[in-house]
Enquirer: 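Okay, here's the structure, questions in a sec.
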Amino acid sequence: MLGSQAAAAQAAGTPVGLRCEYLTNPLGLDAPRPRFTWRLHDDRRGAAQTAYQLAVGTDSLVVARGGAGTWAPGKVAAAQQLVTYAGPALQPFTKYYWRVQAWGKAGGAAAGQVASFETGLLDQKNWQGTWISDTRDVALKPAPYFRTTFEVPRALQKARAYIAVAGLYELYINGRKVGNHRLDPMYTRFDRRTLYVTYDVTPYLRPGRNAVGVLLGNGWYNHQSTAVWYFHESPWRNRPAFCLDLRLTGADGHVTTVTSGTDWKTALGPLVFNSIYTAEHYDARREQPGWNTVDFDDAKWQPVMPRAAPSGRIVAQALPPIRNVEKIPTQSLAKLNDTTYVFDLGRNIAGVSELRVQGPAGTVLHLKHGERRYPNGHVDQSNIDVHYRPTDKSDPFQTDIFTLGGRGEETFMPRFNYKGFQYVEVTSSQPVALSAGSLTGYFMHSDVAPVGQVQSSNPTINKIWWATNNSYLSNLFGYPTDCPQREKNGWTGDAHIASETGLYNFDGITVYEKWLADHRDEQQPNGVLPSIIPSDGWGYEWGNGPDWTSTIAIIPWNIYLFYGDAKLLADCYGNLKRYVDHLAETSPGGLTSWGLGDWVPVKSKSPVELTSSVYYFTDASILAKAAKLLGHPADYAHYSALAQKIRAAINAKYLNRQTGLYGSGVQTELSVPLYWGVVPDELRAQVAANLARRVAADHYHLDVGLLGTKAILGALSDNGQADVAYRLAAQETYPSWGWWMANGATTLYENWPIDAKSDISMNHIMFGEIGAWLYKGLGGIKPDPQQPGFKNVLLTPHFVAGLDHFEASHEGPYGLIKSAWTRNGAAVVYNVTVPPNATATLTLPVAAGQAVSEAGQPLVASRAGIRVVQATGPLRQYQLAAGAYRLAIR
């Protein structure tokens, strides 16, 4: 969970959790107008901020005393806890300190701790280094080393490394790897935008002579494996290259910059092959011990080659890095023969395995990773290697090759690759002794902070929530992917379907902001987007209709709802307009058949025109709302009218107003129009009842694909059918999420039948909407579009039949939101927490003859923190101030 900076020891009303650009004390920001956010430490009922005052300056002591020096806008009478910098232009390479003071309802003020942020280069002209590589030969397999030495003044104040890379890298100083990031920099459209990373390297340096080393990997930049998406033919492809500026600031303030340039030297190392898509091959016999230290003899190394920058935009990477987040020990080991072992981690993950082994020099070990095993115990890759198109046998899929150097116990872990797997089959060219402790798995993903928690009395629901999060994280590597083994592609449809699941459970705004910048890089002048982003050019011709590439609308809107921050909407506004205008031009009647439709359905296939047109309506609706929010009244009128035109066209063709059925009345046909607001208001209850009857006729099992899965649970629970939604969500026989859990799943699958002949990756996020629905449909936690960012929380819990206890919590921008209920017979106890400086609109279902009480007193009139809006009837409504409440319905 997001921390609150030792909040327990601070006075009520103190600002805590200070973040700049949604990062804690970040280094190397390029944002000219960074955003500041904070929370209040205050558990008093009714706690609220009435005013705030920011101070920003370069002297921490001055800022701590309440001064500024750079920007001090004065006291602002407002409750907002998101403020955009509006002071003088920020300077590059500068550390700024900031503090916020907040006033509460009682008039007292409290000041938080001083936080900081540090700017990066801010402008291309501030780079001093030269882009260098070792060759232009894209077919050369071994990864290159680079090194140089330099002098450090005795009185060093601070040192920063700024490194931009086309490809992947590891940075070393004096033999030590800098930081714990993996797979930096994040994948982008390299010829349009390249990322750089900033490190504080002060602790790595010493007075006098020092050495810096760089190891480069291919990543997606120099794709040497061949698959159906033609990444090996990408327009940017080249041998990896980098540019480094190492700024040394002495005690006297004098700056010396050590840069990449022609004085560096290069050589090939033991990493003889690396592919982000397949695996790595490492020959320990080729190691050059000490290659990145001062005393290493590099006389036999070669001069480097200067290169042009890969793009004209080198910008800061401002999001959580990929890390080895969780260590997964082997759960069981099977020895098949003297040279073959199969390790089972007990769960499916994305990441790498680390092998510790001892044997003679030249012993070759193959580490084959997969999600399944054959009956004979060997690893089965047949469900994940279907899109690989190898030209020979030198690059086996998801199979690392480790050649021993013969120097005692040796350790191998890939540097520039990750895989999706549960099992690792290790085969050696001659017998070696391995035990369960010889191999460890590392779950890798973007290290986003968890902000959500779900717990219930139904173990299957708990497993589904955990497995959904595992799949979401397994597919978060600086961009959202579909699966971590077979593709690793940024499929747009999978991503927007799962975006709410991600946002309820993880603090993912910075990852989505980066990925929507990738969208802006990839968009064609006519507005068309590819179906996978980033892309080498594949996907503009297939899979990219509005049912998939509505990411350009849905994700910025969800970010606005969850964070109350309209910046991403503003950044993408012109792109969204071009996209919707293209749809309008190609679909003048309001209906479109452009799209993939309800991908991988159980049995019933809904019309593509229906589902794609609903997403077209959704895009136009979001664009209209964005236009109103951003102050474009003419656009608001135009796109509002367009949305209504699309809605009318859908209903005219597909809705039978007499029966309340869409199309043939299967689950997707009914749920998609309901969920996305296409159904006329007066018919919503009838359509929902039809959907409930359809689900009952299907024996409370799913009959949907990707698009229907997104819609069906919410379509039911939002329209008076929550009990039906829960029966569907908790189902434990085929086809259902629970069926996967009953068969040992620890992640979500790509297809409902476990024995499917195709489309059966066992770690896909595309059916992951259920992870969000648990918060929405059972906990009832939703953001209020009128007061986004959970400034006002919409709470509509559903005390569904068959479930005795449920609790969900989410840390939003204002703090912890909790919705928990326990049933005892007909009575329900409901506990709710509203964060400080926020409110909640609570709607409770109350059966005839029951009453609502709080603290043992009937809740029929307003009292401290509670305003009664509706005191009678089947739905009681209350407006809650910040605080914790315990309500009883009996």
Side-chain angles (χ1 to χ4, degrees), residues 225-231 277-278 348 350 368-376 378-390 396-399 419-423 467-468 470-471 474-475 480-495 497-498 531-532 538-539 541-545 547-548 595-606 608 611 666-668 701-710 733-737 739-769:
S225 300
T226 48
V228 298
W229 303 280
Y230 305 109
F231 282 105
Y277 182 66
T278 56
N348 201 335
K368 182 179 182 180
H369 298 71
E371 298 180 318
R372 308 193 301 197
R373 284 185 292 189
Y374 289 111
N376 64 8
H378 288 279
V379 166
D380 173 10
Q381 292 185 338
S382 62
N383 66 315
I384 56 174
D385 64 1
V386 294
H387 296 311
Y388 184 34
R389 301 291 184 268
F397 188 67
Q398 287 213 151
T399 303
K419 307 168 187 73
F421 67 102
Q422 177 173 335
Y423 305 99
T468 301
N470 286 339
S471 279
S474 293
N475 286 287
T481 68
D482 60 331
C483 56
Q485 10 66 7
R486 198 185 67 204
E487 299 196 31
K488 299 182 171 78
N489 280 322
W491 280 100
T492 48
D494 304 53
I497 294 291
S531 51
I532 59 171
W538 190 96
E541 75 293 348
W542 189 86
N544 58 331
D547 50 358
W548 254 243
L596 291 180
D598 199 25
W599 192 249
V600 194
V602 174
K603 59 178 187 291
S604 300
K605 184 71 173 176
S606 300
V608 173
T611 52
V666 298
Q667 291 182 19
T668 293
H701 288 84
L702 293 164
D703 181 23
V704 291
L706 174 65
L707 306 180
T709 309
K710 173 65 181 179
T733 55
Y734 171 82
S736 65
W737 293 279
W739 168 244
W740 293 337
M741 302 304 111
N743 282 273
T746 59
T747 46
L748 302 188
Y749 294 169
E750 185 192 10
N751 210 331
W752 301 109
I754 295 171
D755 59 351
K757 300 304 179 185
S758 64
D759 299 320
I760 188 54
S761 152
M762 299 173 74
N763 196 349
H764 249 66
I765 190 53
M766 70 182 197
F767 291 134
E769 161 65 11

Enquirer: How are the rings of Trp538 and Trp229 set to each other: parallel, tilted or perpendicular (split at 30° and 60°)?
Expert: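 Ring orientation of Trp538 relative to Trp229: perpendicular.
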
Enquirer: Could you check whether Glu371 and Asn348, counting side-chain N and O atoms only, form a donor-acceptor pair closer than 3.5 Å?
Expert: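 Yes - a donor-acceptor pair under 3.5 Å links their side chains.
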
Enquirer: Please name the pair of heavy atoms, one in Ile760 and one in Arg486, separated by the smallest distance, quoted to 0.1 Å.
Expert: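 That would be N-NH1, 4.1 Å.
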
Enquirer: Can you give me the closest heavy-atom contact between Gln485 and Met762, atom names plus distance?
Expert: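 Looks like NE2-N, 4.2 Å.
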
Enquirer: Is there a side-chain contact between Lys603 and Pro735, using heavy atoms and a 4.5 Å cut-off?
Expert: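 Counting from C-beta outward, Lys603 and Pro735 never come under 4.5 Å.
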
Enquirer: If we only count heavy atoms from C-beta on, is the Trp548 to Ile497 side-chain gap below 4.5 Å?
Expert: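 Sidechains of Ile497 and Trp548: no contact.
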
Enquirer: Indicate yes or no for a side-chain donor-acceptor contact from Tyr388 to the backbone of Val228 under 3.5 Å, with no hydrogens or angles considered.
Expert: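 No, Tyr388 side chain to Val228 backbone: no donor-acceptor pair under 3.5 Å.
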
Enquirer: Indicate whether any N or O donor in one side chain lies under 3.5 Å from an N or O acceptor in the other, for Asp703 and Ser604.
Expert: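 Note: Asp703 and Ser604 side chains meet the donor-acceptor criterion.
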
Enquirer: Given side-chain hydrogen bond (donor to acceptor under 3.5 Å, both in side chains), test Asn475 with Thr481 step by step and report yes or no.
Expert: CA-CA 5 Å; Asn475 286 287; Thr481 68; 2.6 Å; yes

Enquirer: How about Lys757 and Asn383: do any of their side-chain heavy atoms sit closer than 4.5 Å?
Expert: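 Contact flag for Lys757/Asn383 side chains = no.
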
Enquirer: Would you say Asn470's side chain and Thr746's backbone share a donor-acceptor pair under 3.5 angstrom?
Expert: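 Present.
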
Enquirer: Could you tell me how the ring of Trp752 sits relative to the ring of Trp740: parallel (under 30°), tilted (30 to 60°) or perpendicular (over 60°)?
Expert: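 Answer is parallel, since the angle falls under 30°.
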
Enquirer: For Gly705, is there any backbone N or O sitting under 3.5 Å from a side-chain donor or acceptor partner on Asp598?
Expert: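 It does hold such a pair.
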
Enquirer: Within a reach of under 6.0 Å around OH of Tyr374, are more than 12 heavy atoms found that belong to other residues, nucleotides or ligands?
Expert: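 Counting other residues, nucleotides and ligands, OH of Tyr374 exceeds 12 neighbours.
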
Enquirer: Just by distance, no angles: are the side chains of Ser606 and Thr611 close enough, under 3.5 Å, to form a donor-acceptor pair?
Expert: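 Side chains of Ser606 and Thr611: no pair found under 3.5 Å.
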
Enquirer: May I ask you to test the Thr733-His701 pair for a side-chain heavy-atom distance under 4.5 Å?
Expert: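 Result yes, sub-4.5 Å side-chain heavy-atom pair found.
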
Enquirer: Counting C-beta onward and ignoring hydrogens, is there a side-chain heavy-atom pair between Asn743 and Tyr734 closer than 4.5 Å?
Expert: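 When only atoms from C-beta onward are counted, Tyr734 and Asn743 do not touch, as no gap falls below 4.5 Å.
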
Enquirer: Under 4.5 Å between any side-chain heavy atoms of Gln381 and Thr399, yes or no?
Expert: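 Yes, side chains in contact.
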
Enquirer: Side-chain contact test, heavy atoms from C-beta onward, threshold under 4.5 Å: evaluate it for Trp737 versus Leu702 and give yes or no.
Expert: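 In short, these two side chains touch, coming nearer than 4.5 Å.
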
